[in-house]
Amino acid sequence: MIERACQFDPEAFDLLVDEYAPRVRGFLRSIVRTSDVDDMVQELFLRVVRMIGSYQHVGRFDAWIFQIARNLAHDHLRETARQPLDSQALMDSRLRSEESPTAQPMENAETAVQVEAALQRLPDAEREVILLRHFGRLTFEEIATLMNTPLGTALARSHRGLSKLRNWVEKPA
Amino acid sequence: MNDDQQELREIADHEQWLAGVLPPARSQSTEHLKLRVRIELGEQWLRNQWSPTLGETAPHPLQEALRHVLPQSPHRAVLQSVPGPRKSLGRAWVAGLGLAAMLFISIVILRTGETETSNRPDDFTALDEAADTEDFDDELDDAWAELEELLASRDESEWEDVLEGL
């Protein structure tokens, strides 16, 4: 699929969209907290089209595409100030959501909102590591390379962030 | 179990918990996104066709394949330097007209030489004598006829080629 995408095969890109759009969307929505996530997802895939020729097949494609997503998120954060998370608005949007035919039950939706709110309380670096693992499915080695940090630092950030996250959600103050 | 292994185990446990409470998001519809991507693919393909290099991107097989079947910028310049049939015809006609004009002028000059004084050097005596002959009159008439023939044989549209060539 990647080889065909490098040759600008439209059907290969359809498959890329099917595979990566949901994951990229989840990553971006948790990072930038904006209603313009779909626009950002579109911008990401347009960048993929323009830059696919520079993909050197060194490392996994997942790491490459999430590098683009990370750069896109950072560009957006630099341009806009981060807005406080409106948990109620987010809950409302999830309840109205028609994203999936198998919509989450109300209880799971509430927990998801709590997790997303708790993610925003984490330091940026810890949140980023957790999201790159969860949505990007990257290895810690890939994350360390992408974030230009030692492997041990990436592991420590993940451990600290996940511990706090779980504690906030399971034992709210 | 050492600290590193303990840390990895706890990370795995936390990640498993997170996967259960934070499922991957689903795009509402990918059809619009796929369409937009296809448009960009087409535009990128066009850009690669007309650009001799990829700029910041590395060469890829598709572009290399296109380079073998499409005119390249350097070759295009060479092709443009070779004149087409109309330009060649126009240039030949201009050259012929120029030669005829030069012949006419030469004859006129030789003819006017006959009015000079007798103090001219002897080397020109033969020319003077020749200028008086009917042969030069005939040559002059021939030159006029040739010129008129050239002018009459060309279509009006070819005047444009001549003027363009000039």
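Below, chains carry the letters A, B, ... as their sequence lines are ordered, and counting in each starts from 1.
Both the backbone and the side chain of V49(A) come within contact range of chain B, judged by heavy atoms closer than 4.5 Å. For a residue to count as touching a neighbouring chain, one of its non-hydrogen atoms must lie under 4.5 Å from one of that chain's; by this rule L165(A) touches chain B with backbone and side chain alike. Neither the backbone nor the side chain of I39(B) comes within contact range of chain A, judged by heavy atoms closer than 4.5 Å. Heavy atoms of R38(B) lying under 4.5 Å from chain A belong exclusively to its side chain. For D4(B), no part sits under 4.5 Å from any heavy atom of chain A, backbone or side chain. With a 4.5 angstrom heavy-atom cutoff, E3(A) does not touch chain B via any of its atoms.
Among the residues in residues 154-163 of chain A, those with a non-hydrogen atom closer than 4.5 angstrom to a non-hydrogen atom of chain B are L155(A), A156(A), S158(A), H159(A), L162(A), S163(A).
Taking every heavy atom of both residues into account, L33(B) and Q42(A) meet most closely at CD1-CA, 3.6 Å. Closest approach of E15(B) to F140(A), counting heavy atoms only: OE2-CZ, 3.9 Å. In plain terms, the two heavy atoms of A19(B) and H134(A) that are nearest each other are CA-CE1, 3.7 Å.
Note that CG of L41(B) is 11.0 Å distant from CZ of R50(A), once rounded to the nearest 0.5 Å. D14(A) contributes atom CG, which lies 7.5 Å from atom CD of E31(B) (distance to the nearest 0.5 angstrom). L18(B) CG to R133(A) CZ: the interatomic distance, rounded to the nearest 0.5 Å, is 11.0 Å. A distance of 10.5 Å separates OG1 of T111(A) from CG of L22(B), quoted to the nearest 0.5 Å. How far NZ of K34(B) is from CD of E11(A): 10.5 Å, rounded to the nearest 0.5 Å.
The neighbour count for H32(B) NE2, taken as heavy atoms of other residues, nucleotides or ligands under 6.0 Å away, does not exceed 12. By the 6.0 Å contact criterion, CE on M102(B) is open, its count of non-hydrogen atoms from other residues, nucleotides or ligands being 12 or less.
Hydrophobic clustering keeps L46(A) apart from V32(A) (ILVMFWY residues linked when any side-chain heavy atoms are closer than 4.5 Å, directly or through intermediates). L35(B) and Y20(A) are assigned to two separate hydrophobic clusters, defined by single-linkage of ILVMFWY side chains at heavy-atom distances under 4.5 Å. Note on L131(A) and L151(A): same hydrophobic cluster, where clusters join Ile, Leu, Val, Met, Phe, Trp and Tyr whose side-chain heavy atoms are under 4.5 Å apart, directly or indirectly.
When the salt bridge (Lys or Arg N to Asp or Glu O under 4.0 Å) test is applied to D9(A), the partners found at least two apart in sequence or on another chain are R4(A).
You'll find the side chain of F45(A) stays beyond 4.5 Å of the side chain of R36(B), heavy atoms only.
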